[in-house]
Amino acid sequence: MTLLAIPGLAVWDGIVDLFNTVMTPLYWAVSALLVGWHWLLGQVLDPNGGWAWALSIAGLTIVIRTLLIPLFVRQIRSSRNMQLLQPKMKELQKKYGHDREKLGQEMMKLYKETGTNPFSSCLPLLLQSPIFLALFRVLDYASKGKTHSSIMDPHVQSLQHAKIFGAEISQTFLKANGDGAGNVKVVAIVLIILMTATMFTTQLQLMRKNMPKEALTGQAAQMQKIMLYVFPIFFLVGGFNFPIGVLIYWFVSNVWTMGQQFYVIRRNPAPGTPAYDAMQARKRESNLRHGRSADEGVPGTADEGTDTETTDRRPAQRQQPKRQSRSDRKTTGPAGGGAAAANNGQTSSSTPEDAPRPQDTPNKTQAGAAKKQPAGKKGTGAKRQPAAKSAAQKKAAQKRSGGSR
């Protein structure tokens with residue numbers, strides 16, 4: 001009876017075959033990248049040396065992390081949204097704390113409205129896992145002189161015996177054998193410590209510098225604590241079974257993450273965090289050194305939008321003359337007052353009895369004009385009121401005619 005006749009083993013063999021079928025494209029991709037970097041570095045380094053292969057693994061890591069940059073940007077945005085949502089989440093917890101089902105529904109609704117994914121911080125790590133597994137299998141097969149793809153066939157012997165610091169990069173701490181077994185264990189322990197320390201430092205940097213106090217409690221804080229403690233412990237324990245090449249991959253990946261996160265935290269920190277306060281302090285110091293106002297252009301201050309506010313005021317100033325109505329301009333204008341007085345003098349017969357007499361206004365105007373104008377121009381001012389003069393002449397003529405009678 002063969003092993004395939006046992007139902008349990010037959011099912012397991014089917015799962016293994018399915019897994020290898022799914023992973024085959026990744027085996028080819030990882031092998032192609034390794035061989036490509038090895039050919040490039042082999043132009044300046046020993047092709048059969050361990051550093052050519054170690055740096056090829058580092059080059060593979062850089063390519064993978066470069067392709068994951070859009071996902072990293074999405075991770076940063078989602079993490080910031082989670083921080084900004086902390087006040088609303090606390091309100092929901094106070095309101096629906098007694099009803100766990102309703103609280104969960106309201107939380108999911110809030111995440112959907114704001115486009116926030118609480119698990120996005122784990123996406124880069126989850127997507128790297130298949131790459132890590134493919135590299136693990138390629139190096140594990142190379143340690144036995146086997147390959148997963150024909151691309152690695154001409155290079156498998158070189159990769160199998162490539163050494164750095166006297167340790168073959170295809171061997172693991174637990175399975176180290178041969179003359180260089182001690183070197184393998186020493187190099188593996190150093191890389192495991194470096195890999196764990198960089199992962200822990202990266203997550204601790206995020207929690208201390210780029211997370212507000214409100215975000216240090218609740219579900220988001222629990223996820224951050226899991227990434228801070230659980231993942232480093234997992235890689236610390238699992239690292240003893242990882243080949244040296246895989247440890248190199250994770251160490252380079254963690255250094256990349258640390259540098260990428262340091263850049264983002266320094267240049268674009270989340271509001272209300274220590275990193276945001278530090279950025280404001282640096283901006284103020286720069287303004288003072290250049291002789292500018294301390295708060296000029298500092299995010300989160302009133303001086304940040306000064307130029308915009310000034311630009312918005314200018315159209316309002318140009319529109320002010322248009323707000324005055326035509327009747328107001330006629331009433332307040334000096335020319336309009338003179339014209340109204342002249343018209344009242346010409347139409348004095350239609351003025352009501354209790355209104356001021358029209359003859360008085362032009363006479364007073366004439367007297368004022370005569371005082372202000374030179375002597376040669378008095379006649380000109382008198383000619384402007386012919387109606388007032390004719391009325392006075394008529395009254396004088398009536399008195400003379402009445403006296404003569």
Side-chain angles (χ1 to χ4, degrees), residues 54 57-84 86 116-133 135-136 188-240 242 244-279:
I57 294 173
L60 166 68
T61 309
I62 293 173
V63 171
I64 299 301
R65 294 310 305 267
T66 302
L67 295 176
L68 291 177
I69 285 178
L71 191 62
F72 178 78
V73 173
R74 183 179 177 182
Q75 173 191 357
I76 292 296
R77 291 177 179 174
S78 181
S79 177
R80 176 165 299 184
N81 289 339
M82 287 292 295
Q83 297 170 12
L84 297 177
Q86 289 304 312
T116 304
N117 184 1
F119 302 102
S120 62
S121 57
C122 305
L123 288 179
L125 182 62
L126 293 177
L127 289 183
Q128 283 188 89
S129 298
I131 307 297
F132 151 77
L133 187 58
L135 180 62
F136 176 87
I189 289 176
V190 172
L191 286 174
I192 289 171
I193 294 174
L194 291 175
M195 176 186 66
T196 306
T198 50
M199 180 176 291
F200 182 83
T201 303
T202 301
Q203 192 60 30
L204 187 64
Q205 179 189 40
L206 176 63
M207 293 185 66
R208 286 188 174 181
K209 292 186 177 182
N210 202 40
M211 291 186 67
K213 295 181 180 180
E214 296 80 5
L216 297 178
T217 59
Q219 185 177 2
Q222 293 176 0
M223 291 295 299
Q224 297 296 335
K225 289 180 181 179
I226 289 175
M227 296 187 66
L228 178 63
Y229 296 108
V230 175
F231 286 150
I233 292 175
F234 169 77
F235 283 98
L236 177 64
V237 176
F240 291 96
F242 294 163
I244 300 294
V246 174
L247 295 177
I248 294 173
Y249 171 86
W250 275 117
F251 172 66
V252 175
S253 179
N254 291 343
V255 172
W256 175 286
T257 303
M258 183 185 298
Q260 195 175 41
Q261 185 168 274
F262 176 81
Y263 177 85
V264 171
I265 291 176
R266 183 176 177 84
R267 296 297 183 91
N268 192 22
T273 61
Y276 192 82
D277 297 338
M279 184 188 67

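- With a 4.5 Å cut-off on side-chain heavy atoms, F200 and F231 do not count as touching.
- Contact of the R266 side chain with the M279 side chain is not registered, since no non-hydrogen atoms from C-beta on lie closer than 4.5 Å.
- Ring pair W250/F132 is tilted by interplanar angle, where 30° to 60° counts as tilted.
- S253 OG to I248 CD1: the interatomic distance, rounded to the nearest 0.5 Å, is 13.5 Å.
- Closest of all the heavy-atom pairs between T273 and P269 is OG1-CB, 4.2 Å.
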Please output the side-chain donor-acceptor pairs of residues 188-199 that fall under 3.5 Å, not counting sequence neighbours, one pair per line with the distance.
residue	atom	partner	partner atom	Å
T196	OG1	I192	O	2.8
T198	OG1	L194	O	2.8
T198	OG1	M195	O	2.9
T198	OG1	N254	ND2	3.3

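- Counting only heavy atoms from C-beta outward, the side chains of R65 and V252 never approach each other to under 4.5 Å.
- Taking every heavy atom of both residues into account, L247 and G239 meet most closely at CD2-O, 3.9 Å.
- Taking the ring pair (Phe, Tyr, Trp, His ring centres under 6.0 Å) definition, one finds that F136 meets it with nothing, sequence neighbours left out.
- The CE atom of M258 sits 11.5 Å away from atom CD of Q203, with the distance rounded to the nearest 0.5 Å.
- The backbone N or O of I57 sits less than 3.5 Å from a side-chain atom of T61, completing a donor-acceptor pair.
- F262 is linked by a ring pair (Phe, Tyr, Trp, His ring centres under 6.0 Å) to nothing, counting only residues two or more places apart in sequence or in another chain.
- Residues Y249 and F242 fail the side-chain proximity criterion, which asks for heavy atoms closer than 4.5 Å.
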